[in-house]
Amino acid sequence: MNSTQEAVIFYFSGTGNSRRIASWFSDLYHEKGIDCRMFDIAETGYSVMENIDSGSIIGIISSVHGFNFPKIMLDFIRNFPKGKNRLLLMNTRAGMKIGKIVTPGLTGIAFMVSSVILRNKGYEIIGQIPFDMPSNWISIHPALRKKSVDFICEKNRFRIRKHFERLYVGKKDFSSRKDIIQDIIISPVALAYYFVGRYFLAKSYYASHKCIYCGFCIGQCPVNAIKTIDKRPFWTYRCESCMKCMNRCPVDAIETTHGLWVIVIYAVSVACTFFFYEWLPVCLQHWTIRFLLFSILLVGFIGIFYRIQQLLLRNKTIAKIISYTSLTYYKIWGRYRCK
């Protein structure tokens, strides 16, 4: 890598983990006297590729959503122009602190899919490196304490230098291969998330009664997934669940629809029981048919009930009751702040 003319890093980051990794790599390049440019793919177009020399190294980094790169990054990679550059793939996964250990997340099919696409475009993949940054998925668990966040970040910063030095002397780094078995095992979940799960989770967020209608979440959304309906923020199916809106809201008004999840899952379970045992012929009682029907009902029901909730939020009393059913409403749950 010591013959590298420059480095160009493309990243997608909701709460800042991937941006932080990209920034640390950029600092190391500059230490070696190599110019490094960083581009947020949510804000840049493909025209920037016209100014990248064939001797430059390209880095691509994104968080992992549902054991794959999010759709915005997959679309970016799919539309990436052809080239012969050396290319480094990285991702950030959900890391947790247990004692003095940072527990690893799972990459799933993120590197598998993107590597095939980019190799077919002519690029030489020189590395696939996952980083277990602090988990930001506060819809599922409370925000990590600052002490844990700092510990995990420091561990990764130390790791980055080791990976960088290896790449700098011309070696390849496929540290992700040690996780290949569990990544293959989890691959069906990644496919289910891409075709079903991400649409369900897109309806995870809503603006509570604390919302001051500042429009910050709408303006900051990297995929323009939030629009105004009934004079309130409304999350569409375009949402990538990057958590940027929730973790950056100035008044912590964005919450997770935990109560709605319970209602929808119960309604889908009842509907599926009826369809499976009262309507679906025995000859069609196959798991693929059941999964397809379940998926259609799940996405459809969450859309309908989410729209009903949006209407109910217009009443302040009901809006407060809805907030009480959300774990993210309570201060003890916290928010993830990545500086």
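- Other residues, nucleotides and ligands contribute only 12 or fewer heavy atoms inside 6.0 Å of the CZ atom of Phe195.
- One finds the SG atom of Cys153 at 15.5 Å from the CZ atom of Phe158 (value rounded to the nearest 0.5 Å).
- Side-chain contact of Ser241 with His65: a donor-acceptor pair under 3.5 Å is absent, judged by distance alone.
- Side chain to side chain, Ser175 and Gln128 fail the donor-acceptor criterion of an N or O pair below 3.5 Å.
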Sequence neighbours excluded and cut-off under 3.5 Å, please list the side-chain donor-acceptor pairs for residues 142-152, or say none.
residue, atom, partner, partner atom, Å
Lys146, NZ, Asp150, OD2, 2.7

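- Side-chain contact check for Asn17 and Thr92: no donor-acceptor pair (N or O, by modelled atom type) lies under 3.5 Å.
- Atom CD1 of Ile296 and atom CZ of Phe275 lie 10.0 Å apart (nearest 0.5 Å).
- In this pair, His209 and Tyr329 present their aromatic rings tilted. The plane angle is within the 30 to 60° band.
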Working note: Leu201 + Cys239, criterion side chain to side chain contact (heavy atoms under 4.5 Å, CB included); need CA distance, chi angles, decisive distance, verdict.
CA-CA 8 Å; Leu201 291 175; Cys239 175; over 6 Å; no
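- Both Ile9 and Ile21 are part of a single hydrophobic cluster, where members link through side-chain heavy atoms under 4.5 Å apart.
- The 12-atom threshold is not exceeded at CD1 of Ile101, counting heavy atoms of other residues, nucleotides or ligands nearer than 6.0 Å.
- For the pair Leu88/His163, no side-chain contact is recorded, criterion being any heavy-atom separation below 4.5 Å from C-beta on.
- Looking only at side-chain heavy atoms (C-beta outward), Ile126 and Ile57 come within less than 4.5 Å of each other.
- A cation-pi contact links Lys203 to Tyr237, judged by a cut-off of 6.0 Å to the six-membered ring centre and 45° from its axis.
- To the nearest 0.5 Å, atom OG of residue Ser135 and atom CE of residue Met96 are 5.5 Å apart.
- Residue Phe67 is found in a hydrophobic cluster whose other members, listed by chain and number, are Leu106, Ile186, Val189; membership requires side-chain heavy atoms under 4.5 Å apart, directly or through intermediates.
- Note: Phe76 and Phe12 fail the aromatic proximity criterion, with ring centroids not under 6.0 Å apart.
- At a threshold of 4.5 Å between side-chain heavy atoms, the hydrophobic network of Ile, Leu, Val, Met, Phe, Trp and Tyr places Val268 and Tyr266 in two separate groups.
- Inspection of the Ser13 and Ser18 side chains reveals no N or O donor paired with an N or O acceptor under 3.5 Å.
- Residue pairs meeting the salt bridge (Lys or Arg N to Asp or Glu O under 4.0 Å) criterion with at least one partner in residues 125-142, sequence neighbours excluded, are Arg93-Asp132.
- Contact check for Arg232 versus Leu313: side-chain heavy atoms found under the 4.5 Å cut-off.
- No more than 12 heavy atoms of other residues, nucleotides or ligands sit less than 6.0 Å from atom CH2 of Trp137.
- With hydrophobic clusters built from ILVMFWY side chains whose heavy atoms lie under 4.5 angstrom apart, Ile41 shares a cluster with Ile52.
- The list of salt bridge (Lys or Arg N to Asp or Glu O under 4.0 Å) pairs with a residue in residues 102-128, not counting sequence neighbours, reads Glu124-Lys172.
- Just one of Lys171, Arg159, Lys32 meets the salt bridge (charged side-chain N to carboxylate O under 4.0 Å, His left out) condition when paired with Glu165; it is Lys32.
- In this structure, CD1 in Ile109 is found 8.0 Å from CG in Leu74, a value given to the nearest 0.5 Å.
- Considering CE of Met243 and CG of Asn247, their distance stands at 5.5 Å, rounded to 0.5 Å.
- Between the side chains of Thr107 and Asp183, no donor-acceptor pair of N or O atoms lies under 3.5 Å.
- Nearest heavy atom pair, residue Pro70 against residue Glu240, reads CB-OE1, 3.5 Å.
- Applying the side chain to side chain donor-acceptor pair (under 3.5 Å) test to pairs two or more places apart or on separate chains, none has a residue in residues 192-201.
- For Tyr123 and Phe80, the ring centers are positioned less than 6.0 Å apart.
- A cation-pi arrangement is absent between Arg161 and Phe164, since the terminal nitrogen or guanidinium carbon is not both under 6.0 Å from the aromatic centre and inside a 45° cone about the axis.
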Residues Ile322, Thr257; criterion side chain to side chain contact (heavy atoms under 4.5 Å, CB included); working and verdict:
CA-CA 8 Å; Ile322 291 174; Thr257 58; over 6 Å; no
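- Considering CG of Asn68 and CE of Met112, their distance stands at 9.5 Å, rounded to 0.5 Å.
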Before you tell me yes or no, could you show the steps for Asn85 and Ser56 under side chain to side chain contact (heavy atoms under 4.5 Å, CB included), namely the whole-Å CA-CA distance, both residues' side-chain angles and the distance that decides it to 0.1 Å?
CA-CA 6 Å; Asn85 300 68; Ser56 301; 4.1 Å; yes
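- Among residue pairs with one or both ends in residues 299-315, those qualifying as side chain to side chain donor-acceptor pair (under 3.5 Å) are Asp230-Arg307; sequence neighbours excluded.
- With 3.5 Å as the limit, one finds a donor-acceptor pair spanning the side chains of Glu255 and Tyr206.
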Mind running side chain to side chain contact (heavy atoms under 4.5 Å, CB included) on Phe25 and Met38 for me, showing each step along the way?
CA-CA 10 Å; Phe25 260 96; Met38 290 172 47; over 6 Å; no
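- By the rule that hydrophobic residues join a cluster once side-chain heavy atoms approach within less than 4.5 Å of another member, Ile265 and Leu327 end up as members of separate clusters.
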